[in-house]
Structure formats: structure tokens, C-alpha cells
Amino acid sequence: MAAVTDEQVELVRALICSIPAGQVATYGDIAAAAGLSNARTVGWILRVDGSDLPWHRVIRASGRPTDHLRTEQLERLRAEGVLAVDGRVDLAAVRHRFPRTAG
DNA sequence: CCTGTGACGTCGT
DNA sequence: CACGACGCCACAG
């Protein structure tokens, strides 16, 4: 019995795939949009099955990518037009808002 | 069952 | 803004 059903995982995956190029979303937003309570779960899904997802569009709430992916993240984002100042992204400008699935 | 770890977030200093 | 500490959920040993 998994606390997180496959639907949640699929939903998170779908949301991440729904992030348009040039924009990014935070773990918390994805988690909230998927109905999850903790952002860690989003990171968990990515680590388990995020190889097929545009994880580079998923960043922290601070606008900074993860340390081990810092280079990759910024590199990929830069290719999409998402410039990062001092390793930080302007969430106020590139933050993507998810459509409310539950009315 | 308990402990350790992690692609996170928020509060206090 | 940077650093430290706690809370949160899920998985592995």
C-alpha cells in the first residue's frame, strides 16, 4: 500500500510535462497541484522516474536548482531562454502556474 | 519497528 | 541574503 498512488505519480509527471519551455515550476507548486502535501514527494518521483521528464524545469522555491544538477539545470534552462543570475532564476518571471484540476 | 537518507519548504537568527 | 534548525513524507536496510 503506497501512500502515493500511481495516479499521483502520473499526475505529477503530467504536470511537469505540461510545463512550457521558458518557464519553470517549484516542487511545492507541483506537489500542491498534484494534491501532495510535501514537496519532497515530488523530488522522490523525479528521482525514481524523472528520467523521461523535463526535470530541468523543476526548481526549488528559492529559484535555485539542486546542487548536483546545478550545472545541468542552468545549462538546459539557458537553452530555453531562462537566464539565471548568480545561479538564481527569477521565479516572478518564469514561474509557471498550473491549471486547477479540481475545479 | 527503528534508523538513516533525500531532486523540499518554512521559520528564526 | 546566508546559515542553522525543524517538519514533512516516502523508501531502503
Side-chain angles (χ1 to χ4, degrees):
Chain A
M1 175 64 182
V4 181
T5 63
D6 289 350
E7 293 186 12
Q8 293 291 55
V9 180
E10 287 295 312
L11 182 53
V12 172
R13 291 168 54 83
L15 289 164
I16 296 171
C17 288
S18 182
I19 304 173
Q23 291 189 27
V24 300
T26 68
Y27 292 87
D29 283 353
I30 296 167
L36 299 171
S37 302
N38 58 326
R40 290 195 85 102
T41 309
V42 178
W44 164 69
I45 294 168
L46 284 171
R47 126 187 277 285
V48 204
D49 210 2
S51 306
D52 302 337
L53 301 171
W55 52 267
H56 59 186
R57 295 182 190 157
V58 187
I59 60 177
R60 283 196 178 196
S62 300
R64 306 206 330 178
T66 13
D67 191 19
H68 53 191
L69 298 173
R70 184 168 116 311
T71 310
E72 191 74 353
Q73 228 290 357
L74 295 174
E75 184 67 12
R76 288 177 178 257
L77 288 177
R78 193 172 72 81
E80 297 187 348
V82 182
L83 302 179
V85 180
D86 190 36
R88 201 175 315 181
V89 178
D90 186 357
L91 291 175
V94 300
R95 198 180 199 190
H96 169 68
R97 291 175 297 95
F98 292 102
R100 294 193 303 279
T101 53

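A, B, ... follow the sequence lines: proteins, then strands. Residue 1 opens every chain.
A:Asn38 has its CG atom 10 Å from the P atom of B:dG9, to the nearest Å. Between A:Asp49 atom CG and B:dA7 atom P the separation is 16 Å, expressed in whole Å. If you take CZ of A:Arg76 and P of B:dA7, they are 17 Å apart, rounded to a whole angstrom. For A:Arg47 and B:dA7, the CZ to C1' distance is 8 Å, given to the nearest whole Å. Straight-line distance from the CD1 atom of A:Ile45 to the P atom of B:dG6: 19 Å, rounded to whole Å. Look at CG on A:Asp6: it is 13 Å from P on C:dA10, rounded to the nearest Å. Here the C1' atom of nucleotide B:dC8 and the CD1 atom of A:Ile59 are 13 Å apart, to the nearest Å. Distance CD1 (A:Ile16) to P (B:dA7): 15 Å, rounded to an integer number of Å.
At the heavy-atom level, A:Arg60 lies under 4.0 Å from the strands shown only through sugar-phosphate atoms.
Two residues are said to be in side-chain contact when any heavy atoms from C-beta on lie closer than 4.5 Å; A:Trp55 and A:Glu72 meet this criterion. Annotation: side chain of A:Gln8 is not in contact with side chain of A:Thr41 (no heavy-atom distance under 4.5 Å). Counting only heavy atoms from C-beta outward, the side chains of A:Ile59 and A:Val89 approach each other to under 4.5 Å. Between A:Asn38 and A:Tyr27, the closest side-chain pair of non-hydrogen atoms is not below 4.5 Å.
A:Leu69 and A:Leu91 sit in two unconnected hydrophobic clusters of ILVMFWY residues. Membership requires side-chain heavy atoms under 4.5 Å apart, directly or through other members. Both A:Ile30 and A:Leu36 belong to a common hydrophobic cluster when Ile, Leu, Val, Met, Phe, Trp and Tyr are linked at side-chain heavy-atom distances under 4.5 angstrom. There is a path of hydrophobic side-chain contacts, each under 4.5 Å, that joins A:Ile16 to A:Val4.
The A:His68 side chain lies nearest to B:dA7 when the options are C:dC11, B:dG9, B:dA7. The nucleotide whose nearest atom lies closest to any side-chain atom of A:Trp44 is, among C:dA10, B:dA7, B:dG9, C:dA10. Side-chain proximity of A:Thr41 to C:dA10, B:dG9, B:dA7: nearest is C:dA10.
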How would nucleotides 1-7 of chain C be written as a contact map, 5' to 3', with B for base contact, S for sugar-phosphate-only contact and - for no contact, using protein heavy atoms under 4.0 Å?
SS-----
